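Inspection log for the structure reproduced underneath, given as structure tokens.
Every chain is numbered from 1, with letters handed out A, B, ... down the list of sequences. Note that this is a predicted model, so its numbers are computed, not measured.
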Amino acid sequence: MAEAVTPRDEDYSQWYQDVVRNGQLAENSPARGCMIIKPNGMALWENMRDQLDQMFKDTGHENYYFPLFIPERFMEREAEHVEGFAKECAVVTHSRLTQDEEGNLIPDPDSKLGENYIVRPTSETIIWDTYSKWIQSYRDLPLLYNQWANVVRWEMRPRLFLRTAEFLWQEGHTAHATREEAVEEAERMLEVYSTFAEEYMAMPVMQGRKTASERFPGAVDTYCIEAMMQDGKALQAGTSHFLGQNFAKAFDCTFTDENNEETYVWATSWGVSTRLIGGLIMTHSDDQGLVLPPKLAPHQVVIVPLFFDDDQEGPVMEKCERLQEKLEDAGVRVKMDDNHTQSPGWRFSEHELRGVPVRLALGPRDLENDNVEVARRDTQTKEVVPQEGIVDRVLDLLDEVQQGLYDQAQERQEDTTHVVDDYDTFKEVIEEEGGFVWAHWDGTEETEARIQEETSATIRLIPFDREEREEGEDMVTGEPSEGRVLFAQAY
RNA sequence: CGGGGCGUGGCGCAGCUCGGUAGCGCACCUGCUUUGGGAGCAGGAGGUCGCCGGUUCAAAUCCGGCCGCCCCGACCA
């Protein structure tokens, strides 16, 4: 059954679907564009969520919860925000169903709502309406809050985890007395995302700011982290927005400062979603299926006991259970696969498809020699080692895997990042190799749009230190460029 | 919304050109033998062939309409 997963170079998007399915992460749902997140996928998300949540708490944030439904009129308040989200909003118009003459279920005309609700595509509007009530004085600031929630954006072309009509995410919404403080907050949270991506997901990212056309609707500035996938396309993995006073003005949110002057509040918002799982998959997984970094894997180690008759079962299981205990005492997430009905080979493959970083197999032969077989998922290597010191060996191995995955991804990102000066070469690189391309840009939307039109590559980000790098000439127009920006085709 | 492909047991597919009452692999159930890289044999269960209509003695197959899914674009985290 080696063909459980379609090879990447044969059909990349089929490979992706195969990895998601075989990894037991998620499947399509009867509701179009939505996904059913299976226990293995949810456990992965929970690990990501718990880690991020801790990092938010460590930077002074608290959680709260806002409703799923937002009064429709709120969407009209901020002009750019409406424009950005109106065309992908689900709308609730009735409160109950009834049957028509033919017995078909229809929305009950008598239950038409006096005011429509939209299902939140993001929560800025309802939150800023509320903040305007919570904030009076500079003494009320800052507000540093976050919520874990689901949101709905009615998408045309869904892809499990990468783009689904409903997805899980977190959205932080902060309020500040000064512009500087808000900008700092947006930068701080981008840094948190970057640290999380690199240290936990083992996914190297580029940081920068978005161009006006890629900016969050309603933001003054959008910061982002971008990661490079194995097929040469970039993935926006997280965004952090400096919202200026746009939402404060739209929702009349003011405070009285130390000088008794009424001022609009400064805002940020920032979010990452279950899309990160898509990024994780496309960063590390291979033709054998899912590969997960130990820090986030639902199970870091799986123990597969091997026994061939009832006499062997007792001693083998006893040894395996003790091993499990010792590993758990050391803080390792361990799964014991004592499934009697599947052959060892089947179970080995299953855990590989699920991306478990380390597998320990222990049978009668190992019992005799005080050995245990250790296999690592990322390199597909295995060795037989003494049981003595196995816990330390496993702990070291998990660190090695985590680091190895990062190094490999980092190396690939470097190999596929190009510096290009002329447009012909740019087109060639984008079409044939993909990856990131640093090139000069004159700063106009026209040029940006033309490049996208002709190559389908977009400006993924403008580096924060652009001005400090070298100046040059736009590769298309020859106009002056303040510095290179990062291009790529993207998800 | 454009262009392409596809809807047949749980999953993957064949059958359709040339109409004749549905088949294969995997999975599932029972039993025995097995088990260090997706085990073998024997028996068994499971399908109104996406939906609606038409042609016909007879439709998975031909004709018309509709629905859905996947891939490639436009939109997007």
Under 4.0 Å between any heavy atoms, over every strand shown, what does [X] touch: base, sugar-phosphate, or nothing? Just pick one.
| X | result |
| --- | --- |
| A:T341 | nothing |
| A:R359 | base |
| A:K210 | nothing |
| A:Q14 | nothing |
| A:L162 | base |
| A:F216 | nothing |
| A:S273 | base |

My understanding is that a pair needs two contacts under 3.5 Å, Watson-Crick or G-U wobble. By that rule, which nucleotide pairs with [N]?
| N | result |
| --- | --- |
| B:G47 | none |
| B:C18 | none |
| B:C32 | B:G40 |
| B:G25 | B:C11 |
| B:C62 | B:G54 |
| B:C75 | none |

Candidates A:Q236, A:H241, A:E214 - the one meeting side chain to side chain donor-acceptor pair (under 3.5 Å) with A:T222: A:H241

For the [atom1] atoms, the ones on [N] and on [M], what distance do you get once it is rounded to whole angstrom?
| N | M | atom1 | value |
| --- | --- | --- | --- |
| B:U56 | B:C18 | C1' | 16 Å |
| B:G50 | B:U61 | C1' | 16 Å |
| B:G12 | B:C49 | C1' | 16 Å |
| B:G25 | B:A14 | C1' | 11 Å |
| B:C11 | B:U48 | P | 14 Å |
| B:C16 | B:C63 | C1' | 14 Å |
| B:A22 | B:U8 | C1' | 9 Å |
| B:U30 | B:C24 | C1' | 23 Å |

Atom [atom1] of [X] to atom [atom2] of [N]: distance rounded to whole Å?
| X | N | atom1 | atom2 | result |
| --- | --- | --- | --- | --- |
| A:K87 | B:C75 | NZ | C1' | 7 Å |
| A:E383 | B:G36 | CD | P | 21 Å |
| A:L306 | B:G38 | CG | P | 13 Å |
| A:Q236 | B:C76 | CD | P | 11 Å |
| A:K38 | B:G10 | NZ | C1' | 12 Å |
| A:R153 | B:C75 | CZ | P | 16 Å |
| A:F348 | B:A39 | CZ | P | 11 Å |
| A:D18 | B:C70 | CG | P | 14 Å |

Validation row: A:F85, A:T122 side chains within 4.5 angstrom (heavy atoms): yes

pair A:V356-A:Q300: side-chain heavy atoms closer than 4.5 Å: no

Check whether the side chain of [X] and the base of [N] form a donor-acceptor pair under 3.5 Å.
| X | N | result |
| --- | --- | --- |
| A:Q342 | B:G38 | no |
| A:K382 | B:G36 | no |
| A:R347 | B:G36 | no |
| A:R163 | B:C76 | yes |

I want to check a possible cation-pi pair here: [X] against [Y], using under 6.0 Å from ring centre and within 45° of the ring axis as the test.
| X | Y | answer |
| --- | --- | --- |
| A:R359 | A:F348 | yes |
| A:R209 | A:F464 | no |
| A:R120 | A:W169 | no |

Contact nearer the 5' end of RNA chain B, comparing A:G345 with A:D11: A:G345

Nearest heavy-atom neighbours spanning A:S285 and A:V19: OG-CG1, 4.0 Å

Identify each atom pair where a protein N or O and an N or O of nucleotides 1-7 of chain B are less than 3.5 Å apart, giving names and distance.
none

Short side-chain donor-acceptor distance under 3.5 Å, A:Q54 and A:D50: no

Any residue of residues 219-232 of chain A with a heavy atom less than 4.0 Å from an atom of RNA chain B: none

Chi angles and distances behind the ring pair (Phe, Tyr, Trp, His ring centres under 6.0 Å) call for A:H173, A:F66: CA-CA 11 Å; A:H173 295 275; A:F66 273 74; 7.8 Å; no

Whether A:F69 and A:Y117 hold their rings parallel, tilted or perpendicular, with breakpoints at 30° and 60°: tilted

